[in-house]
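So the structure is just underneath, and the comments pick up after that.
Proteins come first, then strands; the chains are lettered A, B, ... in the order of their sequence lines, and each starts at number 1.
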There are 2 protein chains.
Amino acid sequence: MQTRSTKSLIVKTAEELILSYGYQGFSYNDIASAINIRKASIHYHFPKKEDLGIAFIRKYSRLFSLWTKRLGTASNRERLIAFCRMYGSLSNNCTRICPIGMVAADYHSMPAGIQEHSQELIAQVEQWLTELVDKGKKEGEFREYLRSSDTARHMIYVMSGSLKMARIFKEPGRIKRAEKDLVFHICKEKEQ
Amino acid sequence: MQTRSTKSLIVKTAEELILSYGYQGFSYNDIASAINIRKASIHYHFPKKEDLGIAFIRKYSRLFSLWTKRLGTASNRERLIAFCRMYGSLSNNCTRICPIGMVAADYHSMPAGIQEHSQELIAQVEQWLTELVDKGKKEGEFREYLRSSDTARHMIYVMSGSLKMARIFKEPGRIKRAEKDLVFHICKEKEQ
DNA sequence: GTCTATACGCTGATAGAC
DNA sequence: GTCTATCAGCGTATAGAC
């Protein structure tokens, strides 16, 4: 197991633990036993827990950038649906919530560095969605009366909320329903 | 300071701390210093932290029951708006989030007793909203195509999400916007 | 890079005096 | 009911050998 491998394995494990138990709900010891290394080795890669938290946020920020670039030539309606599906996949069969939902709830008990990076991640997603809604309106796919940025925020609230409730009640259908509600409210026709 | 007073003061303080920092983000020591008593005194009233967590959830459950009873003769539209306003007041000027949003995020790192009571609280609010939407549809105030329980859930997602984001970005306007969006989507006319 | 060993503060919790 | 005193355990974090 090489260095780079270990480092990304640590982040991957932290990621799973954070999205399941929250930032304060996991410890270096949890990671150490999960991947069979010692706590001190984690501190070598991430001296402070805050560093690991930031790495987690930044990873999702990069993943989202990559995801938007991979979309190619899809209609605005298709992009909207793709976003909901991608978001829903974070649920991991009702075991996890989304990064945004997690950092938003635990926000005030997180180190300042994580707070800043959280704001950036949320702003990044909001901006992408705002532009999507704006484009969808201009190109006649989305309802004209929508306010782009408010609709973008609305989408995040709904998808993020549905993941949390799906986990609590073990009802994956909540995520699908949230998607359908959003598509119906935002898109002009084809209620599907 | 009599006994009953101290007990309710402890719950009140726990409440503020939980809605700001989360269940794992506060300690008996935080409460003790906040109201100038010793940790052991808190353990007298609430032997385990879980007991205090449950008291917190149950208090909000009772408060919600009382709130719904105090509504009197209001139209369904007025009830919808009243709900959003009541919910928004939990924000406490962008310093707190809602009980549902908090327990939903930290769910898997909470003791089983708190999880159960959280489920009950959420179900209670969902049910009241479902009945409201149902009634609003039947009486012609709300849009007929809405599915009552999905709309109820949608409302919780949106209001709960808006409180969290309002806190992060210090934008109380997000809560008001969430309310207007919901009213517009659910009510038939008077876009306001 | 990974390990062993260790420091040390804070946590939830208990025993017992008043 | 509230206090002082105390506990074991776990948290993050560091030093230094290999």
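Residue A:R38 places no side-chain N or O under 4.0 Å from the OP1 or OP2 atom of C:dT2. B:T6 has a side-chain polar atom (N or O) that falls below the 4.0 Å cut-off from OP1 or OP2 of D:dT2. The shortest distance between the side-chain N/O atoms of A:Y44 and the OP1/OP2 oxygens of C:dT2 is not below 4.0 Å. In this model, the phosphate group of D:dG1 is not approached by any side-chain N or O of B:S41 to a distance below 4.0 Å at OP1 or OP2.
Atom P of nucleotide C:dT11 and atom CD1 of B:I31 are separated by 11 Å, given to the nearest angstrom. Atom NZ of A:K7 is separated from atom C1' of C:dT2 by 15 Å (rounded to the nearest Å). As rounded to whole Å, 14 Å separates atom C1' of D:dG1 from atom CG of B:L9.
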**Request:** Any chance you could lay out the side chain to side chain donor-acceptor pair (under 3.5 Å) test for B:Y23 and B:E50, step after step, and finish with the verdict?
**Result:** CA-CA 10 Å; B:Y23 177 72; B:E50 177 174 3; over 6 Å; no
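A donor and an acceptor atom, one from each side chain of A:Q119 and A:Q115, are nowhere located under 3.5 Å apart. Between A:D106 and A:S109, the side chains place no donor N or O within less than 3.5 Å of an acceptor N or O (distance only, hydrogens not considered).
Using cut-offs of 30° and 60° for the angle between ring planes, the B:W128 and B:F64 rings count as perpendicular. Between B:Y21 and A:H108, the ring planes lie perpendicular to each other; the angle is over 60°, past the 30° to 60° tilted range.
Among pairs with a residue in residues 63-73 of chain A, those fulfilling side-chain hydrogen bond (donor to acceptor under 3.5 Å, both in side chains) read A:S65-A:Q124, at least two apart in sequence or across chains.
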**Prompt:** When you check every protein heavy atom under 4.0 Å of nucleotides 12-18 of chain D, what one-letter string (B, S, -) results, 5' to 3'?
**Reply:** BBBB---
